[in-house]
Amino acid sequence: MAQPGGSRPVTVSDVQQLVKRKDEVEAQINACYQLLEDQKGVGTDGPLVDAEGFPRDDIDLYQVRTARHNIICLQNDHKALMKQVEEALHQLHAREKEKHAKDEAEALAEAMSQTQSLPQAFAKVNAVTPGSPANISGLQVDDEIVEFGSVNVNNFQNLQNIATVVQHSEGRPLSVTVLRSGKKVHVGLTPKRWAGKGLLG
């Protein structure tokens, strides 16, 4: 018998169909055995002639011969189906393994490219005062600052750079980019006077 679907990949439903066919063949084999059992328990190799060499008249010889012939044919079909089921299952498992390996490789490649494409931080947030402009904007402790307005890793010299940007941007929203748990996060921060010290807190 040809492999299900020829060259297309084996699917779970192909395997289910093969198993169904295998079950049907098994049922037919059992029916044939039952028929032989009903014919005085003659089985697959009981004698079909009596002691004197005449055909037995207590059994239906035609039915017995047909059942025996069918059992042989069906057992061959059964063997072929079992082989197909086995091959189909092997292919399915191999494909699953391949797919799993590919998914893992893709996930790894993506993680690598993300790590490589993450910009460099030049400062880290070590405290955020509750109620301050920094707190309201959503900045968090341990955020690593990548861009603060016009300041980035290429032009940052010291914290005075940030202080200058903050003073020039009082009341105006600043775009701030931070790294948080390995991801880039954009925060809109508006420096302004508040109950505490400075314009950020």
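- Annotation: ring-ring contact (aromatic ring centres under 6.0 Å, His included) contacts involving residues 17-54, sequence neighbours excluded, are absent.
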Working for side-chain contact (heavy atoms from CB on, under 4.5 Å), residues Asn126 and Val141: CA-CA 5 Å; Asn126 54 15; Val141 173; 5.5 Å; no
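- Under the 4.5 Å side-chain contact rule for hydrophobic residues, Val125 and Val165 share a cluster.
- Side-chain contact between Val178 and Leu139 is present, with heavy atoms from C-beta onward closer than 4.5 Å.
- Atom CG of Asp23 is separated from atom NZ of Lys20 by 10.0 Å, given to the nearest 0.5 angstrom.
- Rounded to the nearest 0.5 angstrom, Leu92 CG and His90 NE2 are separated by 11.5 Å.
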Stepwise, does the side-chain contact (heavy atoms from CB on, under 4.5 Å) test hold for Met82 with Val19? CA-CA 8 Å; Met82 287 301 286; Val19 170; over 6 Å; no
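- Salt-bridge formation is detected for the pair Asp14/Arg8: a Lys NZ or Arg NE/NH1/NH2 atom is positioned less than 4.0 Å from an Asp or Glu carboxylate oxygen.
- A continuous path of hydrophobic side-chain contacts links Val176 to Leu159 [ILVMFWY only; heavy atoms under 4.5 Å].
- Nearest heavy atoms, Val166 versus Pro191: CG1-CB, 3.7 Å.
- Ion pairing of Glu26 with Lys22 is present here, as a side-chain N (NZ or NE/NH1/NH2) and a carboxylate O approach within less than 4.0 Å.
- To the nearest 0.5 Å, atoms CG (Leu189) and CZ (Arg172) are separated by 13.0 Å.
- At a threshold of 4.5 Å between side-chain heavy atoms, the hydrophobic network of Ile, Leu, Val, Met, Phe, Trp and Tyr places Leu35 and Ile71 in two separate groups.
- Linking Ile, Leu, Val, Met, Phe, Trp and Tyr whenever their side-chain heavy atoms come within less than 4.5 Å puts Val85 and Val12 in one cluster.
- Under the side-chain contact (heavy atoms from CB on, under 4.5 Å) criterion, Asn70 pairs with Cys32, Thr66, Leu74, not counting sequence neighbours.
- Across Ser137 and Gly188, no two heavy atoms sit closer than the pair CB-O, 3.2 Å.
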Checking Asp38 against Gln34 for the side chain to side chain donor-acceptor pair (under 3.5 Å) test, could you report, in this order, the C-alpha distance in whole Å, the side-chain angles of both residues, the deciding distance, and whether it holds? CA-CA 6 Å; Asp38 294 344; Gln34 190 53 53; 3.1 Å; yes
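- The existence of a salt bridge linking Asp143 and Arg180 is confirmed by a sub-4.0 Å separation between a basic side-chain nitrogen and an acidic carboxylate oxygen.
- Using a 4.0 Å cut-off between a side-chain N of Lys or Arg and a carboxylate O of Asp or Glu, Glu170 and Arg193 qualify as a salt bridge.
- Between Val42 and Arg56 there is a side-chain heavy-atom pair separated by less than 4.5 Å.
- Note on residues 138-186: pairs passing ring-ring contact (aromatic ring centres under 6.0 Å, His included), not counting sequence neighbours, are Phe122-Phe156.
- Inter-residue side-chain proximity for Pro9 and Arg95 is flagged as met; some heavy-atom pair is nearer than 4.5 Å.
- Rounded to the nearest 0.5 Å, atoms CG (Leu61) and CD1 (Ile59) are 5.0 Å apart.
- Side-chain contact between Leu174 and Thr190 is absent, with no heavy-atom pair separated by less than 4.5 Å.
- Heavy-atom minimum distance, Ala88 versus Val10: CB-CG1, 3.7 Å.
- No donor-acceptor pair under 3.5 Å is formed between the side chain of Asn76 and the backbone N or O of Cys73.
- Within the 4.5 Å cutoff, no side-chain heavy atoms of Lys124 are placed close to those of Ile145.
- At distances below 3.5 Å, at least one donor-acceptor pair connects side-chain atoms of Ser132 with backbone N or O atoms of Asn135.
- Crowding of Gln140 atom CD: a count of heavy atoms from other residues, nucleotides or ligands under 6.0 Å exceeding 12.
- Cluster membership for Val25 and Ile72, using ILVMFWY side-chain heavy atoms within less than 4.5 angstrom, is not shared.
- In terms of heavy atoms, Leu179 sits closest to Lys184 at CD2-CG, 3.7 Å.
- At a threshold of 4.5 Å between non-hydrogen side-chain atoms, the residues Gln84 and Arg21 count as touching.
- If you take OG1 on Thr177 and CD on Glu144, they are separated by 13.5 Å, rounding to the nearest 0.5 Å.
- In this structure, CG on Asn161 lies 5.0 Å from CG on Asn158, to the nearest 0.5 angstrom.
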May I have the step-by-step check of side-chain contact (heavy atoms from CB on, under 4.5 Å) for Val153 and Val146, ending in yes or no? CA-CA 7 Å; Val153 72; Val146 176; over 6 Å; no
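- Under the 3.5 Å distance criterion, the side-chain polar atoms of Asp103 are left unmatched by any main-chain donor or acceptor of His100.
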